[in-house]
Amino acid sequence: MIAKNGLKIDAKLVDFLATEALPGTGISEDQFWSGFASIIHDLAPQNRALLKKRDELQAQIDDWNEAHGANLDMAAYKTFLKSIDYLREEGPDFEIVTQNVDDEIAKLAGPQLVVPVNNARFALNAANARWGSLYDALYGTDALGHAKGKSYDADHGAKVISWVRDFLDEAVPLRIGSWSTLKNFSTTLLKDASQALGWGKTNGNDTLLFVHNGLHIEIVFDRSTEIGSSDDLGISDVVIES
């Protein structure tokens, strides 16, 4: 453990912040630990007081239940809970306004999974819960029927590709024509060019990223795969954000 502004911090966390988290943020180690310690020293006494109050309330509730048995008089029980300030009368309507919250939390519905950062499997599952292959989802379920045999069923695959092309026509429409007949792509072909966020690479493959209603669609190009090699555009997968 390493002492930082009156706190004892695990050495691995200190090293992670110093070498990975803080560089490039404009926040020095001294600034971070000073601010963090200030928050802890301010809130820790309040947290201890709240925990103490919770224990006191629980003890009072336990005593009341032991005295009155299992057959509760709910009206009397509610009166008791109000008398110890466990329940309060409902107040007037109110509104909470937050600021500086990322759109992915404030505006977009999606899986917001909270997992321990030191458990790689949990963290990976959380990331994968937000992104998934549309090709795999359609091919591996009965949404468009069933694939035949254990090897790749080209006929079933063609149904999947056709469905996904129709999806792209709806979600990322072209000015003229359809994704089903497209031979080459450029952003000038889009009905709304602002939907194209840019090119990139995923696992060494070229990708094109779009946005639709705040959620992302990633098209993966790889002509070395069975699907990509038979596709006019070389599309091997379409990955969507939930």
Side-chain angles (χ1 to χ4, degrees), residues 1-17 20-22 25 27-132 137 141-143 211-216 240-242:
M1 305 295 283
I2 297 177
K4 292 285 186 181
N5 297 83
L7 303 175
K8 292 183 179 180
I9 311 297
D10 188 285
K12 291 182 179 180
L13 179 57
V14 173
D15 180 67
F16 167 74
L17 285 162
E20 298 186 48
L22 292 177
T25 65
I27 300 173
S28 69
E29 287 186 70
D30 288 341
Q31 287 175 312
F32 174 83
W33 289 117
S34 175
F36 181 73
S38 176
I39 294 172
I40 295 299
H41 294 316
D42 176 44
L43 295 181
Q46 298 180 49
N47 191 49
R48 283 193 293 269
L50 290 170
L51 291 173
K52 182 174 182 292
K53 178 65 174 179
R54 183 182 68 176
D55 290 341
E56 292 171 352
L57 289 172
Q58 187 62 62
Q60 289 176 286
I61 292 172
D62 290 344
D63 291 343
W64 196 94
N65 280 286
E66 288 181 3
H68 292 79
N71 297 319
L72 290 180
D73 179 340
M74 293 307 298
Y77 188 48
K78 187 174 181 180
T79 298
F80 159 70
L81 292 177
K82 287 182 177 180
S83 72
I84 64 173
D85 220 18
Y86 184 87
L87 291 181
R88 295 187 179 184
E89 295 296 337
E90 183 177 339
D93 291 342
F94 62 94
E95 184 178 283
I96 296 176
V97 178
T98 56
Q99 295 178 334
N100 303 320
V101 180
D102 290 344
D103 284 348
E104 286 191 335
I105 295 175
K107 297 180 180 180
L108 302 178
Q112 309 291 347
L113 301 185
V114 179
V115 298
V117 71
N118 61 345
N119 189 312
R121 180 172 64 84
F122 284 6
L124 182 62
N125 288 342
N128 288 340
R130 184 147 199 135
W131 293 85
T141 66
D142 61 356
V211 63
H212 173 63
N213 288 339
L215 297 175
H216 296 89
I240 59 173
E241 182 184 20
S242 63

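One-based numbering along the sequence shown. The basis for the numbers below is simple: all heavy atoms, side chains too, and nothing from hydrogens, waters or symmetry mates.
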Suppose we screen for side-chain contact (heavy atoms from CB on, under 4.5 Å). Which residues come up paired with [X], at least two apart in sequence or across chains?
X	result
P45	R48
T79	none
N65	I61, L72, Y77
A137	none

(request) Kindly determine whether W33 and V14 satisfy side-chain contact (heavy atoms from CB on, under 4.5 Å), including the steps that lead there. (result) CA-CA 9 Å; W33 289 117; V14 173; 4.0 Å; yes
(message) Going by salt bridge (Lys or Arg N to Asp or Glu O under 4.0 Å), name the residues that satisfy it together with D85, two or more places apart in sequence or in a different chain.
(response)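 Once residues adjacent in sequence are excluded, the partners of D85 under the salt bridge (Lys or Arg N to Asp or Glu O under 4.0 Å) criterion are R88.
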(request) Could you pull out all residues at least two apart from K8 that satisfy salt bridge (Lys or Arg N to Asp or Glu O under 4.0 Å)? (result) none
Once you round to the nearest 0.5 Å, how far does [atom1] of [X] lie from [atom2] of [Y]?
X	Y	atom1	atom2	result
F80	D63	CZ	CG	8.0 Å
N119	L124	CG	CG	10.0 Å
L51	D55	CG	CG	7.0 Å
I84	K53	CD1	NZ	8.0 Å
D10	N118	CG	CG	10.0 Å
K78	Y86	NZ	OH	13.5 Å

side-chain hydrogen bond (donor to acceptor under 3.5 Å, both in side chains) against [X], all qualifying residues, sequence neighbours excluded:
X	answer
Q60	none
N100	none
E29	none

(request) Quick one: which residue pairs count as a ring pair (Phe, Tyr, Trp, His ring centres under 6.0 Å) with a foot in residues 37-57, not counting sequence neighbours? (result) none
(message) Please enumerate all residues that pass ring pair (Phe, Tyr, Trp, His ring centres under 6.0 Å) together with H216, with sequence neighbours excluded.
(response)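 Per chain and number, H216 pairs via ring pair (Phe, Tyr, Trp, His ring centres under 6.0 Å) with no residue.
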(message) Can you pull out every side chain to side chain donor-acceptor pair (under 3.5 Å) where at least one residue sits in residues 89-98? Sequence neighbours excluded, please.
(response)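 Output for this query lists K82-E89.
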(request) If the plane angle is over 60° it's perpendicular, under 30° parallel, otherwise tilted; pick one for F32 and F36. (result)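 Geometry flag for F36 against F32: parallel rings.
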(message) Restricting to non-hydrogen atoms, name the atom on E241 and the atom on L215 that form the minimum distance, rounded to 0.1 Å.
(response) OE1-CA, 3.6 Å
(message) Please give me the minimum heavy-atom distance between L7 and A37, naming the atom from each residue.
(response)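 Heavy-atom minimum between the residues: CD1-CA, 3.7 Å.
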(request) Using atom types as modelled and distance alone, determine if a side-chain donor or acceptor of S34 lies under 3.5 Å from a backbone N or O of Q31. (result) no
